[in-house]
Structures are given as C-alpha cells and as structure tokens.
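Single-structure report; data block below.
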Number of protein chains: 2
Amino acid sequence: MSAPRTARERARAELTDEIKAAARRQLESSGAESLSLRAISRELGMVSSALYRYFPSRDELLTALIIDAYNALGEAAEKAAQQEYPHPREAWIAVYAAVRDWSRANRHEYALIYGSPIAGYQAPQDTVQPAARVPLVLMRILSQAHAEGWLTELNAPEPTGRLAEQVDVLAGLAPGVPKWMLLRLAIAWTQLFGMISFELFGQLVGSMDPADDFFAETSRQMAAYVGIS
Amino acid sequence: MSAPRTARERARAELTDEIKAAARRQLESSGAESLSLRAISRELGMVSSALYRYFPSRDELLTALIIDAYNALGEAAEKAAQQEYPHPREAWIAVYAAVRDWSRANRHEYALIYGSPIAGYQAPQDTVQPAARVPLVLMRILSQAHAEGWLTELNAPEPTGRLAEQVDVLAGLAPGVPKWMLLRLAIAWTQLFGMISFELFGQLVGSMDPADDFFAETSRQMAAYVGIS
DNA sequence: TCACAATAGAGAGCACTGCTCTCGCAAACC
DNA sequence: GGTTTGCGAGAGCAGTGCTCTCTATTGTGA
C-alpha cells in the first residue's frame with residue numbers, strides 16, 4: 001500500500017492494474033472459463049509472454065480478481081451498513097439489498113467467488129479475510145442491535161457440542177450476542193448467498209423469478225429469524 | 001427409452017454411456033473446467049473426431065452430464081423420502097441428509113449443476129424438470145404432513161402481490177398447504193443449497209467447517225421454520 | 001440377393017490456448 | 001560509468017475444440 005518510488009515500480013503497478021481491468025472487462029463479456037491471457041495481452045498491445053512478468057499463471061490472475069471481487073462486494077455491504085437507520089431491521093435489509101445489487105451488477109465476478117472453485121484452486125488463505133467482510137457486517141448489525149436492546153428473546157435452544165465451539169469463535173467477534181442468535185446468523189448467511197446464486201445461475205426460473213419480491217420478503221423474514229424484533 | 005433394435009443402435013447407446021462414464025471419471029479427478037474430449041477419446045481408444053458422432057460439442061456432453069447429475073441427486077432425495085418415518089420432521093431431515101451426502105460424494109457433479117453455469121450455457125429447458133425433483137420431494141413432505149395434521153399454525157403473513165402469484169404456481173402442486181408455508185419452503189430450499197455450496201466450495205473454512213453438526217442443526221431448524229411442528 | 005444409402009471411425013489440419021526459454025534493450029543501483 | 005536487475009519480443013512446445021475428407025462397415029429397399 002506504500003506509494004511506489006521509482007518510475008519502474010510505478011509503471012509496474014499501473015500495468016498490473018491495467019491487466020486486471022482488461023481481465024475484468026473480458027470476464028464481463030464471456031465468463032471466467034474463457035478468460036484468455038493471450039486475448040488480454042492483445043488488448044493491451046503486448047506479447048503474451050510479457051504478461052508473465054506480472055502474473056505467474058492464469059490461476060494467479062484469477063486469484064487476484066477473486067480477492068478484488070471479495071473486497072468490492074465487502075465494501076458495498078459496509079457502505080450500506082454505514083448509513084443511519086431508525087431500526088436495525090432496516091440496516092439488515094439494506095445490506096441484503098446491497099449485496100444483491102452488487103452481485104447482479106457483477107455477475108461474472110460473483111460467479112468467480114461464489115461459483116464452483118477454479119480447477120487449480122489457489123491457496124485460499126489470501127481470500128479468507130476479504131471473504132469475511134460481508135458476514136462481519138451482518139454480525140456488527142446484530143451486535144449493535146443487541147447493545148441497543150432491539151433484539152427479541154426467542155427461546156431458541158443454545159447450540160451444544162462441537163457446534164457450540166464453532167459458534168464460540170464467532171462470539172469472540174460479537175460479545176454479548178446470544179449463541180443461538182449467532183448460529184441463526186450463520187444460517188441466514190448461507191441462505192443469502194444460496195438465494196443470490198440461485199437467482200444468478202438460473203435456478204429460480206419457473207418459480208420465484210424475477211426474484212425482487214421474493215428477495216425483499218426473505219430479507220425481512222431472515223431479520224426476524226435472527227432475532228431482530 | 002425404447003429398447004435399441006439393431007446392433008448399430010445398441011452399440012451407439014453403449015458407447016454413449018461409456019463416453020459419459022469416462023467423462024464422469026475424468027470429472028472426479030480434475031473438475032469440469034479441464035474436462036477434455038481428447039483425453040476421453042484417448043481413454044476409450046478412439047480418435048477425438050469420432051467422439052463428435054455422439055456429442056456435437058463439449059458443451060452438449062456437459063449438458064448431458066448435468067441432466068444425469070440432476071437425476072441422480074433427485075433419485076437420492078426421493079429414495080430417502082420413500083422410507084417410513086414416525087414424523088414428517090424425520091423425513092425432512094433424512095432428505096436433507098441424502099442431498100448433502102450425494103453432494104459430498106459427487107462434488108464435481110454437484111459443482112456442475114449448482115456452481116457457476118458453463119460459458120455457452122445450454123438451453124436450460126431440458127434441465128428444468130430434473131432440477132425440480134429435490135424441491136418437489138420437500139414439497140411432497142409438506143403436503144403429506146399437512147394432510148396428516150402435523151403442521152403448526154404460525155401466524156405468518158400471507159404473501160401478496162407478484163410474490164403471491166409466484167407462490168400460487170407452487171400451490172397448484174401442493175393443494176391445501178398454506179401459502180406462507182410454501183414461501184418458507186422456497187426460502188429453505190435456497191438455504192439448503194447455499195449451505196451445501198458453502199461447505200463444498202470452502203466458504204465455511206474458519207467458521208462452521210466441518211459442517212456435520214451445523215448441517216444437522218440447520219435441517220432441524222428449517223423443518224420448524226417451514227411449520228413442521 | 002444385391003445395389004444403394006446411412007453411419008462410424010481415421011487422419012490431417014486449423015485456430016486457439018497456457019506456458020517456457022532465450023535474447024537483447026533500458027532502467028536502477030553502487 | 002560499469003554492473004546488475006527488470007522488462008518486452010519472439011520462437012516454440014504441448015495441448016485444446018472442432019471441421020473436413022476419406023474409407024470401411026452396417027442396414028435397408030427393390
């Protein structure tokens with residue numbers, strides 16, 4: 001993140017961005033499967049072998065795009081959460097909508113991160129943190145709603161056994177929020193992306209497509225489900 | 001589905017199956033992206049151009065595999081539902097488990113049908129019916145549970161507007177089941193596959209992975225959510 | 001039964017891919 | 001100013017999907 005010093009370093013950073021931009025452009029028009037390094041190099045007016053000075057392989061380029069996509073989506077969600085809302089339910093719903101809007105506007109990038117993993121799947125370690133941004137936003141809403149006393153006390157059973165241990169990890173990030181609530185948050189999280197994947201990947205055709213109303217109603221129901229009164 | 005007559009027709013049907021079997025084998029080892037017609041033809045001891053007598057393109061082969069995968073998964077779900085259960089909740093949970101088990105045992109085929117759609121996405125019309133088998137199984141459980149009086153009467157609001165129309169389509173297949181219940185079924189359906197996709201695609205690493213307990217508890221909660229008392 | 005038509009596989013070839021290697025040129029550093 | 005480092009060009013390899021032509025085999029109607 002430090003500013004590049006020499007002309008060479010600056011040129012390198014710029015070209016790296018240009019390559020990613022061209023890749024993203026090509027992605028929008030034809031999907032990840034047919035993303036071609038040679039086509040990118042042609043678009044940039046350079047020879048294909050030169051591209052390997054910037055990305056050691058096609059998979060590395062894709063991994064870079066994946067991280068960027070996670071961050072762009074996370075940023076959209078965080079931006080939506082930063083607004084002022086009269087009730088945490090509205091914040092919850094706004095984040096849902098922001099996630100869906102970004103996904104619909106960048107469906108190929110969405111497919112890149114939430115679709116089938118690419119063949120030589122890269123070390124996911126670099127992607128773990130950016131991938132956590134959306135669930136963290138939802139968790140923060142819950143945490144804040146708890147602090148402000150907005151949460152209902154359903155008498156849902158507390159998780160036990162190994163599940164309790166797993167939920168405990170989340171609890172460290174949202175102190176005070178009941179465990180059953182964090183468990184339900186995880187369930188809602190998987191539901192959110194399942195629903196968006198179904199919409200984007202054509203699984204809703206013939207039933208809930210177009211999905212606007214289905215999505216809106218579901219985000220309301222899920223807010224209630226996790227305990228936002 | 002009629003029995004092949006001539007020797008040529010029989011040979012054709014057999015070779016078609018062998019090609020799909022080889023493709024499936026190759027799929028398991030390296031994923032859909034790197035599925036190669038030439039590698040398949042090599043494995044079968046024929047020249048690659050001969051393969052085009054059976055499948056006009058790579059995408060057509062993939063489409064055939066997709067349909068087979070939908071049917072295999074649907075069959076697994078139906079088989080689980082056919083058992084006798086003392087309570088519809090158990091049937092619901094068994095179907096959830098069957099879907100997950102099949103998906104874990106055939107993760108590349110799962111990715112083929114629930115991951116990102118392939119580039120030149122084939123006319124989905126042929127896939128619509130086999131794809132509907134799993135949700136239909138869940139719907140039948142709900143329908144039967146309703147007939148036997150197992151369903152709770154939550155005072156959930158009925159869907160309105162366009163959402164009501166979409167739910168009406170489902171209602172035609174499950175007469176008597178309240179609309180809010182069918183809506184929740186759709187939500188549970190997206191949750192189920194969102195959860196499985198997250199597990200198989202590595203999205204749960206660092207939180208709910210391994211997902212056995214999370215999955216089991218979620219299937220219980222979702223049964224309650226759709227109104228199975 | 002036999003000629004004709006339909007079908008299957010072989011082989012060569014085209015345009016494309018990711019990736020490697022070597023070779024010069026230019027910028028950065030001491 | 002000389003040396004090291006980084007960068008782009010170009011050729012080349014092994015692989016891909018797919019098309020076309022040619023030949024052999026199988027099925028069928030007169």
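Chain identifiers are assigned alphabetically (A, B, ...) following the order of the sequence lines, protein sequences preceding nucleic acid strands; residue numbering begins at 1 within each chain.
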In residues 45-52 of chain A, what donor-acceptor pairs under 3.5 Å come from side-chain atoms, sequence neighbours left out?
none

Those residues that, when tested against Ala23(B), pass side chain to side chain contact (heavy atoms under 4.5 Å, CB included) (two or more places apart): Leu35(B), Ile40(B), Leu61(B), Leu65(B)
Between residues 41-50 of chain B and DNA chain D, which residues have a heavy-atom gap below 4.0 Å? Arg42(B), Ser48(B), Ser49(B)
Taking side chain to side chain donor-acceptor pair (under 3.5 Å) as the cut-off, I'd like each qualifying pair that reaches into residues 69-81 of chain A, sequence neighbours left out, listed once. Tyr70(A)-Gln203(B), Asn71(A)-Arg133(A), Glu78(A)-Arg133(A)
Considering only NZ, NE, NH1 and NH2 on the basic side and carboxylate oxygens on the acidic side, decide whether Glu43(B) and Arg24(B) come within less than 4.0 Å. no
Distances for protein N or O near nucleotides 21-25 of chain D N or O, under 3.5 Å:
| unit_1 | atom_1 | unit_2 | atom_2 | d |
| --- | --- | --- | --- | --- |
| dT25(D) | O2 | Arg8(B) | NH2 | 3.0 |

What parts of residues 17-27 of chain A reach DNA chain C, counting only heavy atoms under 4.0 Å away? none
What nucleic acid atoms does Ala7(A) come within less than 4.0 Å of, heavy atoms only: base, sugar-phosphate, or nothing? sugar-phosphate
Spacing between Glu33(A) atom CD and dT16(D) atom C1', to the nearest angstrom: 13 Å
Starting from P on dG17(D), measure out to CG on Asp59(B) and report it in whole angstrom. 11 Å
What's the verdict on ring pair (Phe, Tyr, Trp, His ring centres under 6.0 Å) for Trp102(B) and Tyr110(B), showing C-alpha distance, side-chain angles and the deciding distance? CA-CA 8 Å; Trp102(B) 186 92; Tyr110(B) 178 89; 7.3 Å; no
The criterion is side chain to side chain contact (heavy atoms under 4.5 Å, CB included); which residues satisfy it with Ile93(B), sequence neighbours excluded? Arg89(B), Ser219(B), Arg220(B)
For Trp92(A), what residues pass the ring pair (Phe, Tyr, Trp, His ring centres under 6.0 Å) criterion, not counting sequence neighbours? Tyr96(A)
If you pin Leu51(A) and Arg38(A) to their nearest nucleotides in DNA chain D, which one's is more 5'? Leu51(A)
Does a salt bridge link Arg104(A) with Glu109(A), judged by any charged N lying under 4.0 Å from a carboxylate O? no
Enumerate, atom names and distances included, each donor-acceptor pair closer than 3.5 Å involving a side-chain atom of residues 12-21 of chain A, sequence neighbours excluded.
| unit_1 | atom_1 | unit_2 | atom_2 | d |
| --- | --- | --- | --- | --- |
| Arg12(A) | NH1 | Arg53(A) | O | 3.3 |
| Arg12(A) | NH2 | Arg53(A) | O | 2.8 |
| Thr16(A) | OG1 | Arg12(A) | O | 2.7 |
| Lys20(A) | NZ | Asp68(A) | OD2 | 2.9 |

What residues, two or more places apart in sequence or in another chain, satisfy side chain to side chain contact (heavy atoms under 4.5 Å, CB included) together with Asp212(B)? Arg100(B), Pro210(B)
Applying ring pair (Phe, Tyr, Trp, His ring centres under 6.0 Å), name anything that partners Phe55(A), two or more places apart in sequence or on another chain. none
Identify the 5'-most and 3'-most nucleotides of DNA chain C with at least one atom closer than 4.0 Å to a non-hydrogen atom of chain B. dA6(C) to dG13(C)
Output the distance between atom OG1 (Thr218(B)) and atom CG (Leu183(A)), rounded to the nearest 0.5 Å. 6.0 Å
Rounding to 0.5 Å, atoms CG (Leu185(A)) and CE (Met139(A)) come to a distance of 7.0 Å
Distance below 4.0 Å between Tyr54(A) side-chain N/O and dG8(D) OP1 or OP2: yes
Sugar-phosphate, base or nothing in reach of Leu61(A), heavy atoms under 4.0 Å: nothing
